[in-house]
Number of protein chains: 2
Amino acid sequence: MLDASRATVELLIQHRTSDLSIKEMAAHAGISERTFYRYFPRKEDVVRPFFQSGLRRIVTNFNARPEYESILDSLRAVWSDAWPVQDAEASRLLFHILESQDSYRAVRLQVVIDSELLWAEAIARRLGIDAHSRQAMFAGAAVVTAFRMAWQAFSLDRSLDPIETLMANVDIFKEILLAPA
Amino acid sequence: MLDASRATVELLIQHRTSDLSIKEMAAHAGISERTFYRYFPRKEDVVRPFFQSGLRRIVTNFNARPEYESILDSLRAVWSDAWPVQDAEASRLLFHILESQDSYRAVRLQVVIDSELLWAEAIARRLGIDAHSRQAMFAGAAVVTAFRMAWQAFSLDRSLDPIETLMANVDIFKEILLAPA
DNA sequence: CACGAACTGGCAGTTTCTGCCATATTGCAT
DNA sequence: ATGCAATATGGCAGAAACTGCCAGTTCGTG
């Protein structure tokens with residue numbers, strides 16, 4: 001399922017457009033149309049596993065960072081190696097393709113927003129607070145917002161450095177992310 | 001178009017489900033199926049104008065508040081009268097209906113996230129800073145996050161007071177919303 | 001190997017969505 | 001008010017998206 005998602009994203013990038021039929025997607029992923037619909041309730045859900053796995057991997061890496069490291073340093077570290085696609089230019093292209101159709105954009109945003117919960121848990125663990133507390137929830141939202149805006153800025157402006165952009169964003173929420181209680 | 005959106009949302013609430021066909025929606029809105037598709041590119045886009053107009057109205061009201069009022073007081077004021085639907089119970093029901101299907105949930109989230117830009121401009125005007133600055137963008141994101149979480153909490157927990165929930169959320173981002181530069 | 005559970009594909013049928021053209025409505029100048 | 005152009009609407013045919021059902025396959029387990 002993740003494989004099929006990856007294969008389809010690859011096809012989207014190849015064709016530089018979001019106008020692909022189910023037939024084309026299924027064929028390139030090497031599965032039948034019927035199976036395609038078992039994996040993805042709606043056509044645009046095809047990008048969901050791709051982004052989910054990427055986002056989850058970042059959080060997992062964050063959780064694997066040493067305790068003594070500051071949250072800001074950890075964020076810098078995990079952001080460095082975790083990109084949705086290896087090539088920066090392909091990443092930008094994918095952003096624009098998915099941005100061009102509301103249906104894809106909406107799904108991508110939903111996946112991103114849903115990762116707030118993972119980040120809330122991760123930050124809460126670090127700060128030693130309750131993962132369901134208001135503070136933890138908003139710390140999660142802050143991290144995701146910083147990611148989201150950095151990715152957008154990076155995709156729109158070729159001259160930006162992704163890591164520095166993220167860190168500048170995170171800096172704004174510093175207090176929220178550092179206050180222990 | 002907004003009328004058709006409102007009518008359809010009304011129908012969703014009446015039927016307590018998101019499983020409505022285009023045929024039913026168009027009939028209830030008093031337009032043909034063909035015209036329905038002229039207004040709404042995809043079926044689930046039908047909720048878009050409804051939420052957009054609600055969100056825009058809140059920002060407009062915020063901009064109409066007196067200059068001398070604090071941002072927090074203004075937020076409290078505009079939040080008080082502006083609900084997507086008049087009846088609180090209907091509002092909760094609508095939330096659950098749209099939450100039950102990813103396609104509707106994704107659209108709602110997208111509309112909410114897109115209102116960040118409006119808030120960034122509104123807050124920037126108040127603080128006397130550039131609307132495209134990083135600080136303004138994140139202030140907008142902070143307000144929207146506070147709204148979003150308050151609405152969710154309010155919809156899930158019948159005992160919560162919407163205004164107090166919002167203000168408690170906003171309080172977390174106090175520094176970002178108050179710092180003049 | 002046997003067997004049940006889970007995965008996959010084919011196909012018919014429904015619903016969603018689009019292109020094209022004809023008709024109606026609106027805005028505006030006369 | 002009248003004519004005219006621009007725009008909004010509807011009908012219909014057809015394509016694409018999506019579902020239900022059943023049959024064949026693969027996979028893990030005893």
Side-chain angles (χ1 to χ4, degrees), chain A residues 1-53 94 97-111, chain B residues 1-53 56 94 97-111 114:
Chain A
M1 171 166 165
L2 177 55
D3 289 340
S5 182
R6 285 217 182 91
T8 309
V9 167
E10 185 186 298
L11 189 65
L12 284 168
I13 293 175
Q14 272 181 26
H15 283 230
R16 327 190 116 246
T17 174
S18 53
D19 284 331
L20 288 182
S21 68
I22 299 280
K23 202 182 291 261
E24 294 171 286
M25 292 180 175
H28 186 260
I31 58 177
S32 72
E33 287 187 50
R34 192 64 192 84
T35 302
F36 186 93
Y37 279 112
R38 285 230 177 65
Y39 290 163
F40 316 113
R42 301 183 69 96
K43 182 181 165 181
E44 59 266 21
D45 288 325
V46 75
V47 298
R48 216 180 272 272
F50 173 81
F51 282 113
Q52 271 177 352
S53 82
L94 180 60
I97 291 171
L98 299 185
E99 207 69 3
S100 71
Q101 280 210 7
D102 271 340
S103 48
Y104 283 105
R105 178 158 183 265
V107 168
R108 186 182 64 78
L109 273 178
Q110 189 187 353
V111 175
Chain B
M1 171 162 164
L2 177 56
D3 289 340
S5 183
R6 284 218 181 91
T8 310
V9 167
E10 186 187 298
L11 189 65
L12 285 167
I13 293 175
Q14 272 181 27
H15 283 229
R16 326 192 116 246
T17 174
S18 53
D19 285 330
L20 289 180
S21 68
I22 299 280
K23 203 182 290 262
E24 294 172 287
M25 291 180 176
H28 187 260
I31 57 178
S32 72
E33 286 186 51
R34 192 63 191 81
T35 301
F36 186 94
Y37 279 111
R38 285 232 175 65
Y39 290 163
F40 316 112
R42 301 184 69 96
K43 181 181 164 182
E44 58 266 21
D45 288 325
V46 75
V47 298
R48 216 180 272 271
F50 173 81
F51 282 113
Q52 270 177 351
S53 83
R56 269 200 282 261
L94 180 61
I97 290 171
L98 298 186
E99 207 68 4
S100 71
Q101 280 208 7
D102 270 341
S103 47
Y104 283 105
R105 179 158 182 265
V107 169
R108 186 181 64 77
L109 272 179
Q110 189 188 353
V111 175
D114 285 346

Got a sec, which pairs hit salt bridge (Lys or Arg N to Asp or Glu O under 4.0 Å) with one end in residues 36-47 of chain A, sequence neighbours left out?
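Matches after skipping sequence neighbours: A:Arg42-A:Glu44, A:Arg42-B:Glu44, A:Glu44-B:Arg42, A:Asp45-A:Arg48.
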
Return the angle between end axes of the helix from C:dC1-D:dG30 to C:dT30-D:dA1, with five pairs used per end and rounding to 10°.
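Inter-axis angle at the ends, rounded: 30°.
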
Out of curiosity, A:His15 NE2 to A:Glu10 CD, how far, rounded to the nearest 0.5 Å?
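Going from NE2 on A:His15 over to CD on A:Glu10, the span is 10.5 Å.
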
[X] [atom1] - [N] [atom2] separation (whole Å):
| X | N | atom1 | atom2 | value |
| --- | --- | --- | --- | --- |
| B:Phe36 | D:dA8 | CZ | C1' | 17 Å |
| A:Asp45 | D:dC18 | CG | C1' | 12 Å |
| A:Glu24 | D:dA15 | CD | C1' | 14 Å |

Less than 4.5 Å apart, any side-chain heavy atom of A:Val47 and any of A:Leu94?
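When only atoms from C-beta onward are counted, A:Leu94 and A:Val47 do not touch, as no gap falls below 4.5 Å.
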
Quick one: side-chain hydrogen bond (donor to acceptor under 3.5 Å, both in side chains) partners of B:Glu24, sequence neighbours excluded?
B:Ser21

Would you give a per-nucleotide map of nucleotides 13-20 of chain C, 5' to 3', where B means the base has a protein non-hydrogen atom under 4.0 Å away, S means only the sugar-phosphate does, and - means neither?
---SBBBB

Those residues at least two apart in sequence (or on a different chain) that pass ring pair (Phe, Tyr, Trp, His ring centres under 6.0 Å) with B:Tyr37 are none

Side chain A:His28, main chain A:Ala7, donor-acceptor under 3.5 Å:
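Present.
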
Passes side-chain contact (heavy atoms from CB on, under 4.5 Å), B:Phe51 versus B:Leu98? Steps please.
CA-CA 12 Å; B:Phe51 282 113; B:Leu98 298 186; 3.5 Å; yes

Can you tell me if the side-chain N/O atoms of B:Ser32 get under 4.0 Å from OP1 or OP2 in D:dG10?
yes

Among all residues two or more places apart in sequence or in another chain, which pass the side chain to side chain contact (heavy atoms under 4.5 Å, CB included) test with B:Asp114?
A:Arg105, B:Gln110

